[in-house]
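Since the structure comes first, as structure tokens, the remarks are kept for the end.
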Amino acid sequence: MYENCAIENNSNNSHHKNAMTKTEHEVISIKNRVPIKSIRIERDYSLGDGITRFYTNYPEDLQGRITPEQFKHTIEEVNRMMDYADRLSWKVILENIMETLTIYLWPVLFSTHYQRAIDRLHAFIDSENQNVYHPHNLSISDPVKSAFLFIEINFYE
């Protein structure tokens with residue numbers, strides 16, 4: 001009875017030994033890593049509560065990682081996209097009327113101006129992460145996840 005246990009353990013040990021001598025390393029995507037630090041870019045309320053904008057001041061923590069120009073471009077583009085999403089036009093008014101008349105089924109059937117603008121924002125953030133932030137072991141979060149209260153920049157090793 002004990003011999004079978006010893007044989008099973010030896011076969012497990014040899015399997016374990018082979019697994020430990022394997023020299024290949026798996027690269028973990030930055031999306032699956034745990035950040036070592038995070039900073040927040042707060043919402044700028046200087047133009048009023050109803051206008052979604054973020055401060056463009058360059059955080060000291062980003063020095064040596066990305067340039068102030070890269071950071072400013074990202075935040076200004078997010079601000080520009082949010083200005084576009086929040087703008088009022090006849091098309092937006094018509095969409096709001098249709099939402100009300102269809103008991104809010106309209107956005108389920110057709111994308112609204114705001115939904116399309118947010119989709120463009122998501123695409124921009126993904127692009128910035130791939131081209132600017134990820135190569136420097138950083139990532140910028142989607143401001144939708146924080147209800148547009150802040151943008152979070154995560155630092156990775």
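Position 1 is the first residue of the sequence, and the numbers go up from there.
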[X] and [Y]: which non-hydrogen atoms are nearest, and at how many Å?
X	Y	answer
Phe148	Val144	CZ-CG2, 3.5 Å
Phe54	Pro143	CZ-CB, 3.9 Å
Tyr104	Thr100	OH-OG1, 3.9 Å
Gly50	Asp86	O-OD2, 4.3 Å
Arg43	Ala147	NH1-O, 4.4 Å

Atom [atom1] of [X] and atom [atom2] of [Y]: how far apart are they, to the nearest 0.5 Å?
X	Y	atom1	atom2	value
Ile140	Ile125	CD1	CD1	6.0 Å
Tyr114	Met82	OH	CE	4.0 Å
Leu149	Ile41	CG	CD1	14.0 Å
Trp106	Leu94	CH2	CG	7.0 Å
Asp83	Arg87	CG	CZ	11.0 Å
Ile153	Ile39	CD1	CD1	4.5 Å

Same apolar cluster: Trp90 and Leu88, side chain cutoff 4.5 Å: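 In one cluster: yes.
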Linking I/L/V/M/F/W/Y whenever their side-chain heavy atoms sit closer than 4.5 Å, directly or via other members, would Ile66 and Ile36 fall into one cluster? yes
Between the side chain of Ser127 and the main-chain N/O of Ala123, is any donor-acceptor distance below 3.5 Å? no
Can you check whether Gln115's main-chain N or O pairs, donor with acceptor, with Ser111's side chain at less than 3.5 Å? no
Any side-chain donor near an acceptor of the partner, Asn154 and Ser38, under 3.5 Å: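 Yes, a side-chain donor-acceptor pair sits under 3.5 Å.
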Does the side-chain contact (heavy atoms from CB on, under 4.5 Å) test come out yes or no for Met81 and Tyr84, once each step is laid out? CA-CA 5 Å; Met81 289 180 171; Tyr84 177 76; 5.6 Å; no
Could you check whether any side-chain heavy atom of [X] comes within less than 4.5 Å of a side-chain heavy atom of [Y], counting everything from C-beta outward?
X	Y	answer
Phe124	Val78	yes
Gln70	Glu128	no
Glu99	Thr112	yes
Leu62	Phe155	yes

More than 12 heavy atoms of other residues, nucleotides or ligands under 6.0 Å from CD1 of Ile103: yes or no? no
Give the C-alpha distance, both sets of side-chain angles, the deciding distance and a yes or no for side-chain contact (heavy atoms from CB on, under 4.5 Å) between Glu42 and Ile151. CA-CA 7 Å; Glu42 297 295 332; Ile151 296 175; over 6 Å; no
Pairs involving residues 54-66, ordered by first then second residue, that meet side-chain hydrogen bond (donor to acceptor under 3.5 Å, both in side chains) (sequence neighbours left out):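 Only Lys37-Asp61 qualify under side-chain hydrogen bond (donor to acceptor under 3.5 Å, both in side chains).
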Could you give all pairs that pass the salt bridge (charged side-chain N to carboxylate O under 4.0 Å, His left out) test and reach residues 143-157, with sequence neighbours left out? none
Give the intermediate values and the outcome of side-chain contact (heavy atoms from CB on, under 4.5 Å) for residues Tyr133 and Thr74. CA-CA 10 Å; Tyr133 292 89; Thr74 300; 3.1 Å; yes
Taking the basic N atoms (NZ, or NE/NH1/NH2) and the acidic carboxylate oxygens, is any pair closer than 4.0 Å for Glu69 and Lys72? no
Evaluate the salt bridge (charged side-chain N to carboxylate O under 4.0 Å, His left out) criterion for residues Glu95 and Arg116: first the C-alpha distance (whole Å), next the side-chain angles of each, then the deciding distance (0.1 Å), finally the verdict. CA-CA 13 Å; Glu95 285 176 349; Arg116 289 187 301 272; 3.5 Å; yes
Determine whether Lys91 and His113 satisfy the following criterion, side-chain contact (heavy atoms from CB on, under 4.5 Å), listing intermediate values before the conclusion. CA-CA 8 Å; Lys91 187 176 180 180; His113 166 76; 5.7 Å; no
